[in-house]
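Below is one structure, written out as structure tokens, with a few remarks after it.
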Amino acid sequence: MAKPLAIRESSGDRIFMSLVYVFLTLVLLVVLLPLLYILSSSFSSPQAVVSGKVWLWPVNFTFDGYKAVFNNPQIGVGFMNSIFYTVVGTIINVALTVMLAYPLSRRTFYGRNVIMILLVITMMFEGGLIPYYLVVKNLELLDTRWAMILPGALAVFQVIIARTFFQTTIPNELAEAADLDGCNDLRFIFSIVLPLSKPILAVMMLMYAVGHWNAYFDALIFLRSADLFPLQIVLRNVLILNTVDASMIANADQMIAQQGLKDLLKYSLIVVASGPVLIIYPFVQKYFVQGVMIGSLKG
Amino acid sequence: MSKLTNQLTLPQTKGSRRNAPLRKMARHWQLYLVILLPLAYLIIFKYIPMAGIVIAFKDYNVVKGIFGSEWVGFKYFNQFFESPSFWVYMKNTLGISLYGLLIGFPAPIILALALNEIRNGLFKKSVQLVSYAPYFISTVVMVSILIVNLTPNVGIISKLFHMLGVENTNFMGMPSLFKSIYVWSDVWQHTGYGAIIYIAALAGVNPELYEAAKVDGASRIQKILNVDIPSLIPVSVILLILNTGNLMKLGFEKIYLMQNPLNLATSEVISTYVYKVGLLGSSFSFSAAIGVFNSVINLILLILVNYIARRLSSNSLW
């Protein structure tokens, strides 16, 4: 950083720096080890996994675990449902967030302070689980696809981030000039605001999409039919509750082999379930970082 | 200030200010149209549930509906306070929260300070990339990773502990370990992502301060203590306030998934209890009362911490 001042590092500083490197290497290892262990187990034979022979490299390499995952109809249905909830949910999220955040960013929008206060109140106080559930129940959304999309159609926090972004990037003078030239508000949104807001729209989309992909709480309380379950609920049933029905395991005639495969299936399933997000993530990392920054501007 | 200049530059029509608000609204009718839908969402899914907390003071009956049910005042609150499990759940909730705050709050600061010391390069980039990654793992997968890694004799963490001389036991079933497993796995998952904001704050430190420290012969540790840490105080105070405001809101999702019959003594917290009694047991009013109690405590905590922070450091939310 400060190159011009070439003062030699003292020995104390050198010891300190090596400690920093050791610490960061440890962090790297601690984060990676559990993940590498799961990855290598998922490619190992069931016997090797159950007997504890697997460390960080597959033992008796096989694809059996993955075959079991892809032959399982429940997981396939869950995967498709999750894609549906993520795509539709994110589109609705982004649309509603912009529709609320943009007017609030305009100084000429009469009543914006009242609405802002209404927004902040929802962040500090909430009705709680039971009234929330009853609202969804009374709207007759229980056990429908809408229950996965409408109750979480908007995140107040994202609205505040988007509003801050609009306020700082779209000068009021621009809106006024457009207004004088006879450009109405809707046209201004579509031809000026949205094109100028691509970074924040990207961040918002990613945040919402990851949220939908990983969510299971709403599904847990609102859904009953197995054909509506998102992937996370299927994962919970298989991975945590251990309810793997016999039909899930293809071509396994022996009890012991079946038990082993059941255990192996968990490892492969963890990889399949988090794989998509973790593979895409390095490419979009900078957007997430940007999102945190824009969010922190407010703070 | 900015509002004032805005008023001046606005093309004011014919001086009269009588119907100014109305005229402003008419001018931007499209914006009001646009905002209707999200406002409807807020009312339906945020404000109606808030009004719905009246059922905590009523004997809610599905047939009679919310308005038809009888008022019972604080009956359900008292029932909760007087039950022996109240203190157990309170203790578990606050215990896990405070433990989490104690470890989880400084962790990202330490990581950010360490990352700030080393120069940009492949090593720094990889540490950042890898440490942010767990944030994107879903709660369900996170808990599965825990279970799998802690399986006695099989999982890598249990094997490592075994090598260190720790007896192999069913870690997930030990009530005494529940808090630690919860808190440290949270640190594993969220420290990297949490550090981003501090790294940004450190990047914004005035370089002249570092120059001055160097000229004065400060060691690296002195530089961290006297330049880096003071510059992180505003951000960390804000985050501390926000975290404290969530002390009672302890994440339902992860705890619920980590629970098993063996560890319930220490793993049952208020949010999981509300879910079990209310939705699985259908005692809507009782469980809503607990929910209200929880929200109120949270709000009080938030206001209190914000007040203290404003007094002590002049950094606060409002």
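When reading the values below, keep in mind they use all heavy atoms of this one structure, side chains included, and skip hydrogens, waters and symmetry mates.
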Verdict with reasoning, Ile121(A) to Met50(B), per side-chain contact (heavy atoms from CB on, under 4.5 Å): CA-CA 11 Å; Ile121(A) 288 176; Met50(B) 264 188 234; 4.2 Å; yes
Which atom of Ala133(B) lies closest to which atom of Leu278(A), heavy atoms considered: O-CD2, 3.6 Å
Under a 4.5 Å heavy-atom cut-off, does chain B meet the side chain of Thr25(A), its backbone, both or neither? both
Would you indicate whether the side-chain heavy atoms of Met17(A) and Ile118(B) approach each other to under 4.5 Å? yes
Would you say the side-chain atoms of Ser144(B) pair up with the backbone N or O of Leu239(A), donor to acceptor, closer than 3.5 Å? no
CG-OG1 distance between Leu235(A) and Thr139(B), expressed to the nearest 0.5 angstrom: 11.5 Å
Is chain A contacted by the side chain of Tyr60(B), its backbone, both, or neither, given a heavy-atom distance below 4.5 Å? side chain
Can you tell which part of Ile35(B) gets under 4.5 Å to a heavy atom of chain A, answering side chain, backbone, both or neither? both
Heavy atoms of other groups near Tyr110(A) OH, more than 12 under 6.0 Å: no
Would you mind reporting whether Tyr47(B) and Leu118(A) have side-chain heavy atoms less than 4.5 Å apart? yes
If we define contacts as heavy-atom pairs under 4.5 Å, which of Val156(A), Ile115(A), Val27(A), Leu150(A) has the most with chain B? Leu150(A)
For residues Leu35(A) and Val130(B), determine if any side-chain heavy atom of one lies less than 4.5 Å from a side-chain heavy atom of the other. no
For chain B, which residues of residues 268-276 of chain A have at least one non-hydrogen atom nearer than 4.5 Å to it? Ile270(A), Ala273(A), Ser274(A)
Measure Phe109(A) against the heavy atoms of chain B and call it side chain, backbone, both or neither at under 4.5 Å. both
Could you please spell out the steps behind the ring pair (Phe, Tyr, Trp, His ring centres under 6.0 Å) verdict for Phe217(A) and Phe252(B)? CA-CA 9 Å; Phe217(A) 184 66; Phe252(B) 164 90; 4.9 Å; yes
Strictly distance-based, threshold 3.5 Å: is any side-chain N or O of Tyr37(A) a donor or acceptor partner for the main-chain N or O of Ile157(B)? no
Would Ile221(A) and Tyr275(B) satisfy side-chain contact (heavy atoms from CB on, under 4.5 Å), going step by step from the backbone distance to the final call? CA-CA 9 Å; Ile221(A) 62 177; Tyr275(B) 170 72; 3.5 Å; yes
Which residues satisfy the salt bridge (charged side-chain N to carboxylate O under 4.0 Å, His left out) test with Glu117(B), sequence neighbours excluded? Arg220(B), Lys223(B)
Going from CG on Leu33(B) to CG on Asp185(A), what distance comes out if it is rounded to the nearest 0.5 angstrom? 11.0 Å
Output the distance between atom CD (Gln128(B)) and atom CG (Leu24(A)), rounded to the nearest 0.5 Å. 9.5 Å
Which atoms of Ile224(B) approach chain A - backbone, side chain, both or neither, heavy atom under 4.5 Å: side chain
Can you tell if the side chain of Lys46(B) reaches within under 4.5 Å of the side chain of Leu119(A), non-hydrogen atoms only? no
Could you give me the CA-CA distance, side-chain angles and deciding distance for Asn298(B) and Phe125(A), then say whether side-chain contact (heavy atoms from CB on, under 4.5 Å) is met? CA-CA 8 Å; Asn298(B) 251 324; Phe125(A) 194 80; over 6 Å; no
Side chain Tyr41(B), main chain Pro151(A), donor-acceptor under 3.5 Å: yes
So for Leu146(B), is it side chain, backbone, both, or neither that comes closer than 4.5 Å to the heavy atoms of chain A? neither
Ring centres under 6.0 Å, that's the criterion: do Tyr21(A) and Phe123(B) meet it? yes
Within the 4.5 Å heavy-atom criterion, are Val140(B) and Asn214(A) side-chain neighbours or not? no
Please tell me whether Tyr132(B) and Tyr281(A) form a close aromatic pair, meaning their ring centres lie under 6.0 Å apart. no
Closest non-hydrogen atom pair, Thr108(A) against His28(B): OG1-NE2, 3.5 Å
Shortest non-hydrogen pair, Leu186(A) vs Gln30(B), comes out as N-OE1, 3.1 Å
Distance-minimising heavy-atom pair for Pro34(A) and Ile156(B): CA-CG2, 4.4 Å
Picking from Leu134(A), Val135(A), Leu139(A), Asn138(A), what satisfies side chain to side chain contact (heavy atoms under 4.5 Å, CB included) with Ile48(B)? Val135(A)
Between Gly192(B), Gly217(B), Gly155(B), which residue shows the highest count of heavy-atom pairs closer than 4.5 Å to chain A? Gly155(B)
I'd like to know which of Ile147(B), Ile145(B), Val141(B) tops the heavy-atom pair count under 4.5 Å against chain A. Ile145(B)
Nearest atoms (heavy-atom pairs only) where Ile130(A) meets Phe284(B): CG2-CD2, 3.5 Å
Restricting to side-chain hydrogen bond (donor to acceptor under 3.5 Å, both in side chains), what partner residues turn up for Gln232(A), sequence neighbours left out? Ser138(B)
Among Leu32(A), Thr97(A), Leu19(A), Leu100(A), the residue with the most heavy-atom pairs under 4.5 Å to chain B is Leu100(A)
Please find the pair of heavy atoms, one from Pro131(A) and one from Pro49(B), that lie closest to each other, and give the distance. CB-O, 3.2 Å
With a 4.5 angstrom heavy-atom cut-off, is it the side chain or the backbone of Val54(B) that approaches chain A, or both, or neither? neither
Enter the distance from Ile53(B):CD1 to Glu126(A):CD here, rounded to the nearest 0.5 Å. 11.0 Å
Kindly determine whether Tyr256(B) and Tyr216(A) satisfy side-chain contact (heavy atoms from CB on, under 4.5 Å), including the steps that lead there. CA-CA 12 Å; Tyr256(B) 184 66; Tyr216(A) 92 95; 3.8 Å; yes
Check each atom of Leu42(B) against the heavy atoms of chain A and say whether the ones under 4.5 Å are side chain, backbone, both or neither. side chain
Answer yes or no: is there a donor N or O on one side and an acceptor on the other, between the side chain of Trp188(B) and the main chain of Val30(A), under 3.5 Å? yes
Nearest 0.5 Å, what's the CG-CG distance between Asn294(B) and Leu129(A)? 11.0 Å
Hey, could you give me the CG/CZ distance between Leu113(B) and Phe23(A), rounded to the nearest 0.5 Å? 9.5 Å
Listed by chain and number, what are the side-chain hydrogen bond (donor to acceptor under 3.5 Å, both in side chains) partners of Ser42(A), not counting sequence neighbours? Tyr66(A)
Side-chain contact test, heavy atoms from C-beta onward, threshold under 4.5 Å: evaluate it for Leu160(B) versus Leu33(A) and give yes or no. yes
Side chain, backbone, both or neither: which part of Leu302(B) has a heavy atom under 4.5 Å from chain A? side chain
Options Thr122(A), Val98(A), Val277(A), ranked by heavy-atom pairs under 4.5 Å with chain B, top entry: Thr122(A)
Would you say that Trp55(A) contacts Lys159(B) through its side chain, given a criterion of any heavy-atom pair below 4.5 Å between the two side chains? yes
Shorter than 4.5 Å, heavy atoms on both sides: which option in Asn184(A), Val210(A), Leu56(A), Ile189(A) has the most such pairs with chain B? Asn184(A)
Any Trp213(A) side-chain heavy atom under 4.5 Å of Phe136(B) side chain: no
